[in-house]
Amino acid sequence: AGVLVYLFLVPYVRRCMDELALNQDMESAELNAKISQDKAEITFKWNQVITACLASFAHGSNDTANAVGPLAMIFSLYVNNHINNNFVTPFWVMGLGGAGIVVGLATLGYRVMETMAYGLTTITFSRGFTIEVGTVASVVLASRLG
């Protein structure tokens with residue numbers, strides 16, 4: 001009877017020991033992966049600062065042009081009494097558009113940024129870098145193409 005118990009229990013005990021060792025190896029691997037992920041995120045932290053600056057410039061120039069375009073056309077019609085394709089937008093019109101964007105950011109911009117940062121999804125540094133590179137590329141390309 002002891003031999004039969006031994007024959008049935010040994011495979012079970014070995015399987016339990018193997019699973020225990022596997023679980024310990026998985027916990028160790030998860031810990032190592034977490035440490036590697038943290039190092040990668042720190043690397044992307046500084047890359048995201050650069051892409052954030054580029055994204056601010058790209059969005060600012062695009063938004064200013066979109067906001068000022070109709071005003072510049074109205075001013076061109078007022079000055080020339082006809083549509084002039086060679087009209088150069090005055091500096092004060094561009095400044096007015098920039099001031100409007102600053103006022104918009106100062107009044108409700110924090111709510112937009114808060115929603116984008118926390119309300120939609122969790123954004124890590126690597127995800128933010130990827131998002132901003134795609135955003136900058138598409139905004140600059142679309143602005144360049146007209």
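The structure presented is a predicted model; accordingly, all values stated were derived computationally and were not measured.
- Around atom CZ of F57, no more than 12 heavy atoms belonging to other residues, nucleotides or ligands sit under 6.0 Å away.
- Under the 4.5 Å side-chain heavy-atom criterion for ILVMFWY residues, no single connected hydrophobic cluster contains both L141 and V136.
- Residue pairs satisfying the side chain to side chain donor-acceptor pair (under 3.5 Å) criterion with at least one member in residues 45-55, sequence neighbours excluded, are listed as follows: T51-E132.
- Taking hydrophobic clusters as Ile, Leu, Val, Met, Phe, Trp and Tyr residues chained together by side-chain heavy-atom distances below 4.5 Å, V103 does not share a cluster with M94.
- When hydrophobic side chains of Ile, Leu, Val, Met, Phe, Trp and Tyr are connected at separations under 4.5 Å, V102 ends up as a singleton with no cluster partners.
- Here the side chains of V68 and T89 are in contact, with some heavy-atom distance below 4.5 Å.
- In terms of hydrophobic clustering, with Ile, Leu, Val, Met, Phe, Trp and Tyr side chains grouped at heavy-atom distances under 4.5 Å, V79 and I74 are assigned to different clusters.
- Applying the side-chain hydrogen bond (donor to acceptor under 3.5 Å, both in side chains) test to S126 and every residue at least two apart in sequence or in another chain returns E41, T124.
- The backbone N or O of G134 sits less than 3.5 Å from a side-chain atom of S138, completing a donor-acceptor pair.
- Applying the ring pair (Phe, Tyr, Trp, His ring centres under 6.0 Å) criterion to F125, with sequence neighbours excluded, gives no partner residue.
- In this structure A67 satisfies the side chain to side chain contact (heavy atoms under 4.5 Å, CB included) test with no other residue, sequence neighbours excluded.
- Between I131 and T135, the closest side-chain pair of non-hydrogen atoms falls below 4.5 Å.
- Hydrophobic clustering, with ILVMFWY side chains joined whenever heavy atoms are under 4.5 angstrom apart, keeps L54 apart from V133.
- Shown here are the ring pair (Phe, Tyr, Trp, His ring centres under 6.0 Å) partners of W92, two or more places apart in sequence or in another chain: F75.
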